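Proteins come first, then strands; the chains are lettered A, B, ... in the order of their sequence lines, and each starts at number 1. Predicted, not measured: the structure shown is a model, and the values here were computed from it.
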There are 2 protein chains.
Amino acid sequence: MARAKQLRSLKTRKRLLSSAREIVSCSGYEKLRVEEVVSRAEVAKGTFFAHFKDKDALMDILVAERLEALLDDLEIVQNFDSVEHVVASIMPFLSFISGERYIFDLFLRLSGALAVEEVGKIAESIYRYDRILIEKLKSGPFRQDISAELLSEGIQAFPVSSIALSLCALQSDQNVKNRLTIQLNAWMCPS
Amino acid sequence: MARAKQLRSLKTRKRLLSSAREIVSCSGYEKLRVEEVVSRAEVAKGTFFAHFKDKDALMDILVAERLEALLDDLEIVQNFDSVEHVVASIMPFLSFISGERYIFDLFLRLSGALAVEEVGKIAESIYRYDRILIEKLKSGPFRQDISAELLSEGIQAFPVSSIALSLCALQSDQNVKNRLTIQLNAWMCPS
DNA sequence: GCCACATATTGACCGCGGTCACCTTTATGG
DNA sequence: CCATAAAGGTGACCGCGGTCAATATGTGGC
């Protein structure tokens, strides 16, 4: 009859999460090993998988934490008044995603609901990102022939393919930014 | 002094490749195991990695073969005369990429040059795809304020993000197609 | 206090990609 | 035709994510 979680279990979970955060903050996401998480948390390996479906599920939580912080920053900028403003506002978000190959792959893997009623934290962050973009687009000097919702889709689509290429060819953030500015000008302000 | 490859080596490589193709054709890309490739080819595991840098390098070859065949088909269609024509023409390409999560991930991982002078087969296919799109776009009834090159970037960007979402949410090809048609109409024919 | 049962934890084990020191085969020059 | 060196091939071994039967630890009823 669905007993409540035991305190012991909640503490274990917290220890696992904080061990993981420690590792990420000193070695990066890519280097995180489940074995190191459990040894730092002083539990057995099996315990990890009793708390998280798999390694991705842990990373989903850790990465979404960062995304949420970045979205908090995005949320407080004023409404978009130019393409350059849009690009500048979303760059921190894009820099984080493109900063490590591993994060970008994870982001794509977990960017939508994996199944009915199984929406991960990253997916939720993306929904929030979409809503924020739409809201801030409404009053801007952009094309009026399509909806803000559709505009937002483009603002999300172009960076993904740019980042995919940049991660392969070792391009800089600046390249991504320049390319993106051109693409979004064409997308948002067709003449 | 860079001696020529021995015949023995060439034969071994061919056996590895044909074993791999057999496995893919009866079980799919995802299910391919290096151990099964080498056991079918009757060589040791180490031999595999003497011929291919890693498993991805083999998959790059196998997937690119399929892409090239699809591009052969794309190359012979007439120049694009509508957005619907574009969408219909590229759907086989997109269906293949979105058909297996594994292929889509591989495609993104290998979509650009990994380093200077290390361009994989999939990356080459993507360059070819881009050139074909640009060529067939030139004479079409599409917006004239941006170049065919830039138009092509959008035609590549929208599907990637659509597919990323569709793979998460188990959407159908039809969903991808409908969404893409709307996006490309907005991209290619702003009013 | 004790029993029955759910919950939590354990660690040996597995699958699979990838490595490497060592062995075998083949081409080459004297 | 043999010595030798390079190319080709081997398989035991490793790292790491993930599983599961066994075990330990809480919790509620009597």
Side-chain angles (χ1 to χ4, degrees), chain A residues 1-20 23-24 27-63 100-103 105-106 109-110 114 118 120, chain B residues 1-20 23-24 27-63 100-103 105-106 109-110 114 118 120:
Chain A
M1 307 294 268
R3 268 189 207 176
K5 290 251 177 207
Q6 295 174 18
L7 235 101
R8 179 175 51 141
S9 165
L10 294 176
K11 283 191 174 178
T12 302
R13 188 189 158 92
K14 276 200 174 164
R15 280 218 310 286
L16 286 167
L17 278 169
S18 61
S19 300
I23 295 169
V24 165
S27 318
Y29 294 86
E30 181 115 44
K31 292 273 176 59
L32 183 141
R33 298 282 168 268
V34 172
E35 306 213 334
E36 204 190 330
V37 175
V38 298
S39 78
R40 283 203 192 208
E42 290 173 306
V43 295
K45 207 175 185 178
T47 302
F48 179 94
F49 294 98
H51 285 267
F52 306 99
K53 184 178 158 294
D54 52 24
K55 190 184 166 183
D56 274 5
L58 169 69
M59 297 312 262
D60 183 56
I61 292 169
L62 297 183
V63 168
E100 277 186 46
R101 162 107 257 166
Y102 178 79
I103 295 189
D105 289 346
L106 191 83
R109 246 196 327 277
L110 305 180
L114 291 169
E118 201 191 325
Chain B
M1 308 291 265
R3 268 187 207 177
K5 290 254 178 206
Q6 294 175 17
L7 233 101
R8 179 174 51 142
S9 164
L10 295 176
K11 283 192 175 177
T12 302
R13 187 188 159 92
K14 276 201 175 163
R15 278 219 310 287
L16 285 167
L17 278 170
S18 61
S19 299
I23 295 168
V24 166
S27 320
Y29 293 87
E30 181 116 45
K31 292 273 177 60
L32 183 140
R33 299 283 169 264
V34 171
E35 306 213 336
E36 204 190 330
V37 175
V38 299
S39 78
R40 283 204 192 206
E42 290 173 305
V43 295
K45 207 173 183 177
T47 302
F48 179 94
F49 293 97
H51 285 267
F52 306 99
K53 182 178 160 293
D54 52 24
K55 190 183 163 182
D56 274 5
L58 169 69
M59 296 313 262
D60 182 56
I61 293 169
L62 297 184
V63 168
E100 276 186 48
R101 161 105 258 165
Y102 178 79
I103 294 190
D105 289 347
L106 191 83
R109 249 196 325 277
L110 305 180
L114 291 170
E118 201 191 323

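The salt bridge (Lys or Arg N to Asp or Glu O under 4.0 Å) test applied to D105(B) returns R101(B), not counting sequence neighbours. For E30(B), there are no salt bridge (Lys or Arg N to Asp or Glu O under 4.0 Å) partners, not counting sequence neighbours.
L32(B) comes within 4.0 angstrom of the backbone, heavy atoms only, and of no base.
Counting to the nearest Å, the P atom of dA7(D) and the CG atom of L10(B) are 14 Å from each other. Between F49(A) atom CZ and dA8(C) atom P the separation is 18 Å, expressed in whole Å. Rounded to an integer number of Å, the gap from NZ of K53(A) to C1' of dT19(D) is 13 Å. Rounded to an integer number of Å, the gap from M59(A) CE to dG18(D) C1' is 16 Å. The separation between L16(A) atom CG and dT10(C) atom C1' is 13 Å, rounded to whole Å. What separates CG of L58(B) from P of dC16(C) is a distance of 16 Å, to the nearest Å. Here dT9(C) presents its P atom at 11 Å from CZ of F52(A), a figure rounded to the nearest Å. Distance L7(B) CG to dA7(D) P: 16 Å, rounded to the nearest Å.
Counting only heavy atoms from C-beta on, A44(A) has its side chain closest to dG11(C) among dT10(D), dG11(C), dG17(D). Picking from dG18(D), dT9(C), dG18(C) the nucleotide with the shortest atom distance to the side chain of T12(A) gives dT9(C). In the set dA7(D), dG17(C), dT10(D), dG17(C) carries the atom at the smallest distance from any side-chain atom of R33(B). Picking from dG9(D), dT19(D), dA7(D) the nucleotide with the shortest atom distance to the side chain of Q6(B) gives dA7(D). Which of dT9(C), dT10(C), dG17(C) sits closest to the side chain of E35(B) comes down to dG17(C). Among the nucleotides dA8(C), dC16(C), dG8(D), the one closest to any side-chain atom of K5(A) is dA8(C).
Put simply, CZ on F52(B) and CD1 on I61(B) are 5.0 Å apart, with the number rounded to the nearest 0.5 Å. To the nearest 0.5 angstrom, K55(A) atom NZ is 5.5 Å from L32(A) atom CG.
Contact check, K55(A) against dG17(D): a side-chain N or O comes under 4.0 Å of OP1 or OP2. Between H51(B) and dG9(D), a side-chain N or O to OP1/OP2 separation shorter than 4.0 Å is present. For the pair S9(A) and dT7(C), the criterion of a side-chain N or O lying under 4.0 Å from OP1 or OP2 is not met.
The residue among F48(A) and D54(B) whose nearest nucleotide of DNA chain C lies closer to the 5′ end is F48(A). Place G46(B) and R8(A) on DNA chain D by their nearest nucleotides, and G46(B) ends up nearer the 5' end.
A 4.5 Å side-chain heavy-atom check between R40(B) and S18(B) finds every atom pair outside the cut-off.
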